[in-house]
Every structure is written in structure tokens, then in C-alpha cells.
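For reference, the structure is listed below as C-alpha cells.
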Amino acid sequence: LDKLGLANRKRAYQKLRVDADLRAGAALSVRLIERAKDIQGDLMDAASVEDVLLLVEKQGEIFNKVNISTALHRIARIASTAPYATAGANQQSPDAVLSITRDERFHHLLQLATALSKEMSTVSVSNTLWALARLRCDIHEMNTLLDDLAGRAAATAHTAQPKHLATVMWALAVLGHEPRSRLLRAVAMRVMDTAGDFRAPDVVNMLWAYARWTRLAPLNSPDGLPGAKDVVRELSCVALANLTDFTPYQCANLAWSLAMLDAEVQPRSLASILDRAASDPNGLDDTALTHTLWAVGVKGTVIDGAGGSFQTLLAEAAKRALDRGVGRTGAAGVLWACGHLRVTPREGEADALLNCLLDDGEEASKGRLVQPQALVHGVWGVCHMDGVTLSQKHRDAVFSNVSRLAEAGKMEARYADALRASAIGAGLDPVELEHALTTR
């Protein structure tokens with residue numbers, strides 16, 4: 001009922017001679033609508049997760065689909081700020097999130113969401129999925145809820161705004177939900193109609209989602225995801241035509257996504273993305289930093305590697321590697337990119353990255369072996385750097401890790417062959433390497 005309908009309700013009942021039971025039911029519905037509006041205001045004003053959960057406990061049975069999505073969104077938003085968040089921006093304390101997701105009231109809220117998911121608008125679906133992704137929920141109620149929300153997103157995609165469409169896809173990718181053909185086709189059709197309306201965050205979120213699905217399931221190449229090639233092509237054009245609207249962090253994610261999706265990028269455009277990302281290296285987190293360097297290694301040329309922007313990001317990655325801010329996989333990706341672009345790092349930079357990759361200290365004591373692909377990428381990268389070879393310390397570390405991987409049965413033939421091919425160029429003794437590979 002709109003305002004005019006509410007104003008004329010009484011007169012309409014009289015003229016239609018509606019019986020008392022129907023009038024009572026209609027009056028109750030109107031009161032519930034008004035109460036839901038009040039609850040919506042209370043949810044928006046909630047200052048803590050407990051405030052939201054108390055509303056769920058006391059009035060959850062009155063919640064409509066908008067109240068449910070708002071409650072979940074508000075919980076996730078509050079959990080991203082003090083006192084729930086850790087020192088890092090937008091990082092939730094694992095203990096605080098675990099406490100929230102174990103709360104019976106939160107589970108009840110998820111049950112309400114499942115019950116009303118098929119009535120939700122795209123906005124409500126987007127808010128709900130965003131909240132679940134931010135909280136990194138991993139509970140048994142999730143599978144059915146995600147299926148229902150994805151199905152509802154597919155049914156309403158034809159009217160969805162780019163912001164909400166991109167958020168839906170981003171959240172499903174974060175949650176590791178396998179995309180369905182119906183949703184992918186519906187999203188592709190809507191993107192074709194609205195590509196020009198996508199803003200920088202929407203473009204990055206959408207492309208990141210497709211790249212994430214490709215990474216988690218290599219068989220799901222862009223060619224295997226319905227409509228993916230069209231989406232990637234259209235949104236890549238939008239991004240490259242509006243790079244000045246993208247922040248350095250968004251450019252870092254854009255570079256990684258385009259590389260993962262093997263999208264066509266002109267050299268001049270890639271240089272612009274790299275320059276934009278390198279304009280604020282301190283603003284990139286460790287993953288975005290190493291992803292950018294790796295992506296340039298995939299899509300770039302020797303000219304890109306020799307440029308000041310690549311060198312700036314490389315220096316930042318080496319600096320963080322000294323403090324173990326960069327992970328092993330990230331360090332391996334940077335070394336691989338340097339080798340592929342024939343970049344010779346400045347003095348100390350290669351050593352810092354190799355120390356990060358090969359260190360046998362705390363990680364090894366926890367039983368965390370270097371992944372064979374990371375080890376191969378690191379050695380291959382050094383092999384292809386001019387004037388750089390492994391020090392004795394790093395050679396010993398390589399042989400030690402190779403032996404451990406061989407003993408654990410993780411050194412596949414393709415990795416062993418790649419190490420053999422890179423041995424001499426990286427300064428490894430082929431005989432000693434062969435001994436390490438055949439330890440078991």
C-alpha cells in the first residue's frame with residue numbers, strides 16, 4: 001500500500017463491504033509494515049553488534065526481507081571497526097567474528113534470510129552477500145542460503161544496478177561459491193547493457209571475481225564461464241578508458257585480474273596501470289604489491305621491467321620481505337617476474353626476496369614446507385636474471401627444501417624437470433640437485 005492507498009483504505013473497505021476478518025488482517029499487515037520501518041531505523045542506529053542481535057532476539061519474527069539484509073550488513077560493518085577490528089584497516093578480529101557467528105541469534109538471522117531470500121530485491125541480496133563475505137562465514141547454514149541468494153540474483157539481474165551486481169559477484173567469489181550458468185548468463189547480459197555505468201570499484205570487483213573463479217578452478221577458464229569473455233572485454237575497455245578514476249590499490253587489483261584472465265592489454269595501457277599503482281606503494285598491502293609485480297611479469301615486456309615504476313614496487317617488495325611482510329608465494333612471484341622481464345634487482349633486493357622464500361626458520365618449524373611451484377618460480381627467476389646466482393646459503397636452502405618435498409611426495413615430475421632446467425643458470429650443482437630429488 002502506498003500513501004494514497006493507506007489514506008483511502010477505510011473508505012475502500014466500506015464501499016467493498018469487506019468482512020471483519022479481512023479488514024483485521026489488512027490492518028495487521030499495515031501495522032507490521034510500520035513496525036518494520038521502525039525496526040529499520042533502530043538497525044541503522046545500532047552502535048554495536050549486540051544491539052543488532054538484541055533486536056533479532058526480541059523482534060526477529062517481525063523482520064521483513066529488508067530488515068534481515070540490513071541487520072546482517074550492519075553486523076558486518078560494525079565488525080570492521082573498533083572494538084571488533086584489529087589494527088589493520090577493515091580487518092576483523094578472528095575471535096570477535098567467531099563469537100558472532102557462533103551466537104544463536106546470528107544463526108536465527110541466517111534462517112530468516114533463507115526463508116525470505118526468494119523475496120529479496122537485488123539490493124537486499126547484495127547487502128546480505130556482502131555481509132557474509134566480510135565476516136568470512138563458514139557455517140553449515142551457508143550452502144543453502146548462498147544457493148538461494150545466487151538464484152535470486154540471477155532472477156533480478158536484469159534490473160540490477162552495476163554496484164549491486166558487482167558486489168554480488170565479488171561476495172560469491174570471496175565465499176568460494178561455484179558460479180551457476182544461469183547467474184553468469186544473466187550477469188553477462190546486464191553488463192552488456194550497463195557497462196558504461198560501471199564505476200572503478202564495480203569494475204575491479206567484477207573482474208576480480210572472474211579472476212578468482214579462474215584461479216580456484218583452472219578448468220573454469222574464461223572460455224568455460226558463460227558470458228565471461230564478453231564481460232571481461234567490455235569491462236576491460238571501461239577500465240582502460242578511465243584509469244584516472246582508479247586508485248593505486250584498485251589498479252593493483254586490476255592488473256592481477258587482467259593477468260589471471262589473460263585479457264588483451266595494450267603496452268601503453270599496462271604502463272599506465274603500473275604507473276598508477278606505483279604512485280603510492282605504501283598504500284598497497286603485501287598481496288596487492290606482489291600481485292602487481294607478478295601481473296606485469298605476465299603481461300609486460302622488458303621495457304616495463306626497466307621502467308621506474310616497476311623498480312619502485314620491486315624496492316618496496318624487497319623492503320617488506322626483510323620484515324617477512326611478503327609471503328613465500330608473493331616473493332616467488334616477484335622473483336619470477338624479474339626473471340621473465342630480465343630485470344636485475346638492485347644489491348640486496350634479490351637476497352631479501354630469496355631469504356623470504358627459502359628461510360628454514362619459523363615456517364619450517366611449524367611443518368610448513370615451501371610449495372614446490374613457489375620454489376620452482378624462485379629458482380627459475382634467478383636463473384634468468386643477468387649476473388645473479390644463488391649464494392651458498394640459498395643453494396643449501398634450495399637443496400634442503402627439495403629433499404623435504406621429495407620425502408613428502410610433493411615434488412611432481414614437472415617441478416623436478418623445471419628445477420633441472422634452471423639449475424646451472426641459478427648456480428646449483430646438477431649432481432647435488434639430482435641427489436636431493438632422489439632422496440626418497
Side-chain angles (χ1 to χ4, degrees), residues 117-118 120-130 133 146-247 250-251 253-266 268-270 272-273 276 295 299:
S117 60
K118 292 182 173 59
M120 288 184 178
S121 66
T122 307
V123 177
S124 293
V125 171
S126 170
N127 286 339
T128 301
L129 285 171
W130 179 89
L146 288 180
D147 285 338
D148 291 344
L149 290 171
R152 184 59 180 167
T156 59
H158 64 287
T159 59
Q161 295 298 311
K163 174 183 177 181
H164 303 129
L165 204 62
T167 300
V168 166
M169 301 299 276
W170 170 85
L172 289 173
V174 168
L175 293 165
H177 186 72
E178 183 180 352
R180 302 292 192 269
S181 296
R182 182 189 173 205
L183 174 61
L184 292 170
R185 291 193 180 96
V187 168
M189 291 177 63
R190 185 58 177 168
V191 170
M192 294 301 101
D193 293 338
T194 61
D197 297 328
F198 274 73
R199 299 178 301 111
D202 310 327
V203 171
V204 171
N205 284 342
M206 185 71 79
L207 291 177
W208 184 90
Y210 280 93
R212 175 84 169 180
W213 280 319
T214 301
R215 181 188 186 190
L216 293 178
L219 294 179
N220 285 343
S221 64
D223 293 340
L225 298 174
K229 291 182 68 175
D230 293 333
V231 170
V232 172
R233 183 184 65 251
E234 289 293 323
L235 294 185
S236 296
C237 291
V238 171
L240 299 176
N242 299 279
L243 277 179
T244 55
D245 297 335
F246 287 69
T247 66
Q250 289 168 343
C251 280
N253 283 329
L254 176 64
W256 179 81
S257 298
L258 294 176
M260 285 296 300
L261 293 165
D262 196 23
E264 183 177 347
V265 184
Q266 296 299 321
R268 185 174 301 175
S269 298
L270 181 64
S272 297
I273 295 173
R276 188 77 172 149
K299 305 299 289 186

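- R185 is listed as a side-chain neighbour of P226, based on a closest heavy-atom distance under 4.5 Å.
- You'll find the side chain of P162 stays beyond 4.5 Å of the side chain of R199, heavy atoms only.
- Smallest separation of non-hydrogen atoms from L258 and I273: CD1-CD1, 4.0 Å.
- In plain terms, the two heavy atoms of L225 and P179 that are nearest each other are CD2-CG, 4.3 Å.
- Proximity of T156 to S121: side-chain heavy atoms (C-beta onward) are nowhere separated by under 4.5 Å.
- When all heavy atoms of R180 and D147 are compared, the closest pair comes out as NH2-OD1, 3.4 Å.
- Under a 3.5 Å cut-off, the side chain of T128 and the backbone N or O of S124 do form a donor-acceptor pair.
- Atom OG of S126 sits about 11.5 Å away from atom CE of M120, to the nearest 0.5 Å.
- Rounding to the nearest 0.5 Å gives a distance of 8.5 Å between CG of L240 and OG of S272.
- A distance of 15.0 Å separates CE in M260 from OH in Y210, rounded to the nearest 0.5 Å.
- In this structure, the side chains of W208 and V174 come closer than 4.5 Å at one or more pairs of heavy atoms.
- When all heavy atoms of Q250 and A200 are compared, the pair lying nearest together is OE1-CB, 3.6 Å.
- Distance check: L184 CG to M189 CE gives 13.5 Å after rounding to the nearest 0.5 Å.
- For T194 (side chain) and D197 (main-chain N/O), no donor-acceptor pair under 3.5 Å exists by modelled atom type.
- For R182 (side chain) and A154 (main-chain N/O), no donor-acceptor pair under 3.5 Å exists by modelled atom type.
- Note that OG1 of T122 and CG of L149 are 11.5 Å apart. Values are rounded to the nearest 0.5 Å.
- Without hydrogens or angle criteria, R276 side chain to F246 main chain gives a donor-acceptor distance under 3.5 Å.
- When all heavy atoms of A150 and H177 are compared, the pair lying nearest together is CB-NE2, 4.0 Å.
- Annotation: the span from E234 atom CD to L207 atom CG amounts to 11.5 Å, rounded to 0.5 Å.
- Between the K299 side chain and the A263 main chain, a donor and an acceptor come within less than 3.5 Å of each other.
- When all heavy atoms are compared, the tightest approach of V125 to R152 is CG2-CG, 3.7 Å.
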Does the side chain to side chain contact (heavy atoms under 4.5 Å, CB included) test come out yes or no for M206 and V191, once each step is laid out? CA-CA 10 Å; M206 185 71 79; V191 170; 4.1 Å; yes

Step-by-step side chain to side chain contact (heavy atoms under 4.5 Å, CB included) determination, M169 to N205: CA-CA 8 Å; M169 301 299 276; N205 284 342; over 6 Å; no

Stepwise, does the side chain to side chain contact (heavy atoms under 4.5 Å, CB included) test hold for V265 with S236? CA-CA 8 Å; V265 184; S236 296; over 6 Å; no

Could you walk me through whether T167 and L129 pass the side chain to side chain contact (heavy atoms under 4.5 Å, CB included) check? CA-CA 8 Å; T167 300; L129 285 171; 5.9 Å; no

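- A salt bridge links K118 with D148: at least one charged nitrogen is closer than 4.0 Å to a carboxylate oxygen.
- With respect to T214, the side-chain contact (heavy atoms from CB on, under 4.5 Å) criterion is satisfied by exactly one of V232, D262, L261: L261.
- Inter-residue side-chain proximity for W213 and L172 is flagged as met; some heavy-atom pair is nearer than 4.5 Å.
- For the side-chain contact (heavy atoms from CB on, under 4.5 Å) with D202, the lone residue among H164, K163, Q161 that qualifies is K163.
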